[in-house]
Engineer: 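The structure that follows is given in the form of structure tokens.
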Amino acid sequence: MKISNKLKQRIKYYCFKLPRVIKYRFLSTNENVSGYPIMNQPLQMNGLGKIIFGDNVTIGIDPSPYLYSSYCYVEARNSHSVIKIDSSSFINNGCTLIAEGDGIEIGKKCLIGTGCEIFDSDFHNLDPQLRLDPHSIKTQKVILEDNVFLGSNVKVLKGVTIGENSVIANGSVVTKSIEANVVAGGIPAKKIKDL
């Protein structure tokens, strides 16, 4: 028996996607969320701060790797933390954004690849005597300007600004700010060429 593509899509949605979206919404603890992203993959939202979605933000891409085996995780950990994802940005499957300090700001029309991680904090002090002291943690805001493209498995660390239109190569670790209109990559990420 041949099943039509339309029927397959409905079965896929009701049997596989929707139950997972409901599960992670139930597991979410953040009550300070504004905006309604398009949900192709589950999203768990935790923390005490604000999470703000612009218009037409898409969470999860179908088809793309890890659609059914992962979820996106967004945490505005403290009451003053803010994560803002502006209009028409795409967050691919299995991404993690955690703001412990002032936050993370993702501009308009950004593309975030699978498995990316963006953090505004070191989470623990390097000094062994202070490592478990939550008051010794260093945080700095992370900004992705409009139309930034992060390849898969990119890590963006605290205090980084990535200029508009710039592209970060797969697997890079961005430890310092990247200017606008360039391709950058590596560990740590450095400018490779102008766009």
Side-chain angles (χ1 to χ4, degrees), residues 41 43-44 46-47 49 51-52 57-61 64-66 70-78 80-86 88-195:
Q41 185 180 55
L43 171 62
Q44 185 173 354
N46 287 348
I51 299 171
I52 303 165
V57 170
T58 301
I59 304 294
I61 307 298
S64 192
Y66 317 115
S70 67
Y71 63 98
C72 290
Y73 183 84
V74 176
E75 181 180 355
R77 189 165 282 177
N78 295 306
H80 65 280
S81 303
V82 177
I83 295 176
K84 181 180 179 187
I85 304 169
D86 215 334
S88 301
S89 288
F90 287 83
I91 310 290
N92 209 322
N93 305 321
C95 290
T96 301
L97 286 68
I98 301 177
E100 190 163 30
D102 292 335
I104 297 167
E105 188 175 318
I106 296 174
K108 294 177 175 73
K109 298 183 180 177
C110 289
L111 302 175
I112 312 294
T114 57
C116 286
E117 297 176 350
I118 303 174
F119 305 127
D120 78 344
S121 172
D122 290 335
F123 300 109
H124 299 283
N125 198 304
L126 294 178
D127 182 335
Q129 303 305 317
L130 298 173
R131 200 162 289 160
L132 298 178
D133 178 5
H135 303 293
S136 70
I137 297 167
K138 295 177 182 173
T139 66
Q140 283 182 288
K141 189 171 187 173
V142 174
I143 300 171
L144 275 59
E145 294 181 351
D146 293 347
N147 208 32
V148 165
F149 176 15
L150 302 184
S152 294
N153 302 308
V154 169
K155 316 296 184 217
V156 180
L157 304 184
K158 76 175 191 319
V160 165
T161 295
I162 300 176
E164 67 178 336
N165 303 320
S166 286
V167 177
I168 308 298
N170 283 11
S172 297
V173 178
V174 188
T175 61
K176 293 189 181 337
S177 293
I178 302 293
E179 62 188 287
N181 300 302
V182 300
V183 175
I187 302 174
K190 294 182 177 155
K191 176 180 167 182
I192 297 170
K193 66 177 184 177
D194 292 309
L195 285 174

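These numbers were taken from a predicted model, which means no experiment stands behind them. Quick note: numbers below take in every heavy atom, side chains included, and nothing from hydrogens, waters or symmetry partners.
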Engineer: Could you measure the distance from the CD1 atom of Ile61 to the CG atom of Asn92? Nearest 0.5 Å is fine.
Structural biologist: 5.0 Å
Engineer: Taking C-beta and beyond as the side chain, do Leu97 and Ile85 meet within less than 4.5 Å on heavy atoms?
Structural biologist: yes
Engineer: Please report the closest heavy-atom contact between Thr114 and Tyr66, naming both atoms and the distance.
Structural biologist: CB-CD1, 4.2 Å
Engineer: Looking at Lys109, is its backbone amide N or carbonyl O close enough to the side chain of Ser88 to form a donor-acceptor pair, meaning the two atoms are under 3.5 Å apart?
Structural biologist: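 Looks like no, no N/O pair under 3.5 Å.
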Engineer: Is a donor on one side and an acceptor on the other found under 3.5 Å between the side chain of Gln41 and the backbone of Gly94?
Structural biologist: yes
Engineer: Please answer whether the main-chain N or O of Tyr71 pairs with a side-chain N or O of Gln44 as donor and acceptor at a distance below 3.5 Å.
Structural biologist: no
Engineer: Looking only at heavy atoms, what is the nearest atom pair of Gly151 and Cys116, with distance?
Structural biologist: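 So the minimum-distance heavy-atom pair works out to O-SG, 3.1 Å.
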Engineer: Does Asp127 offer a backbone N or O that forms a donor-acceptor pair with the side chain of Asn125 under 3.5 Å?
Structural biologist: yes
Engineer: Kindly say whether Glu164 contributes a backbone atom to a donor-acceptor pair with the side chain of Asp146 at under 3.5 angstrom?
Structural biologist: no
Engineer: Under 3.5 Å, side chain of Ser166 to main-chain N/O of Asn181, donor-acceptor pair present?
Structural biologist: yes
Engineer: Is a side-chain donor or acceptor of Ser172 paired with a backbone partner of Ile168 at a separation under 3.5 angstrom?
Structural biologist: no
Engineer: Okay, side chain of Ser121, backbone of Thr139: is any donor-acceptor separation there less than 3.5 Å?
Structural biologist: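 Here the side-chain-to-backbone pair does not exist.
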Engineer: Around Leu132, counting heavy atoms of other residues, nucleotides and ligands shown, do more than 12 lie under 6.0 Å from its CG?
Structural biologist: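 Open.
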Engineer: Working to the nearest 0.5 Å, report the span between CG of Asn147 and CD1 of Ile162.
Structural biologist: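 Between Asn147 CG and Ile162 CD1, I get 12.5 Å after rounding to 0.5 Å.
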Engineer: How long is the span from the SG atom in Cys110 to the CG atom in Leu150, to the nearest 0.5 Å?
Structural biologist: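 Answer for the SG-CG pair, Cys110 versus Leu150, is 7.5 Å.
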Engineer: Arg77 vs Glu100, test: salt bridge (Lys or Arg N to Asp or Glu O under 4.0 Å). Steps then yes/no.
Structural biologist: CA-CA 5 Å; Arg77 189 165 282 177; Glu100 190 163 30; 3.7 Å; yes
Engineer: What's the shortest heavy-atom distance between Cys95 and Gly115, and which atoms?
Structural biologist: SG-N, 4.0 Å
Engineer: Identify the two heavy atoms, one from Asp122 and one from Lys158, that lie closest to each other, and give their separation to 0.1 Å.
Structural biologist: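 In terms of heavy atoms, the two residues are closest at OD2-NZ, 3.2 Å.
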Engineer: Treating Asn78 as the side-chain partner and Gly49 as the backbone partner, does any N or O pair qualify as donor plus acceptor under 3.5 Å?
Structural biologist: no
Engineer: If you draw a 6.0 Å radius around NZ in Lys155, do more than 12 non-hydrogen atoms from other residues or ligands fall strictly inside?
Structural biologist: yes
Engineer: To the nearest 0.5 angstrom, please state how far the CD1 atom of Ile178 sits from the OG1 atom of Thr175.
Structural biologist: 8.0 Å
Engineer: Between Lys176 and Pro188, is there a side-chain heavy-atom distance shorter than 4.5 Å?
Structural biologist: no
Engineer: If you compare all heavy atoms of Asn46 against all heavy atoms of Tyr73, which two are closest, and at what distance to 0.1 Å?
Structural biologist: ND2-OH, 3.3 Å
Engineer: So do Glu145 and Ile143 actually touch side chain to side chain, heavy atoms under 4.5 Å?
Structural biologist: yes
Engineer: Which pair of heavy atoms, one from Ala99 and one from Ser81, lies closest together, and at what distance?
Structural biologist: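 Residues Ala99 and Ser81, closest heavy atoms: O-OG, 3.4 Å.
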Engineer: To the nearest 0.5 angstrom, please state how far the CD1 atom of Ile137 sits from the CZ atom of Phe123.
Structural biologist: 8.5 Å
Engineer: Asp120 side chain to Val142 main-chain N or O, any donor-acceptor pair under 3.5 Å?
Structural biologist: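 A pair under 3.5 Å: no.
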Engineer: Does any part of the side chain of Ile106, heavy atoms only, come nearer than 4.5 Å to the side chain of Ile91, both counted from C-beta?
Structural biologist: yes
Engineer: Just verifying a value: how many Å separate Ile118 CD1 and Leu144 CG, rounded to the nearest 0.5 Å?
Structural biologist: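 It comes to 5.0 Å.
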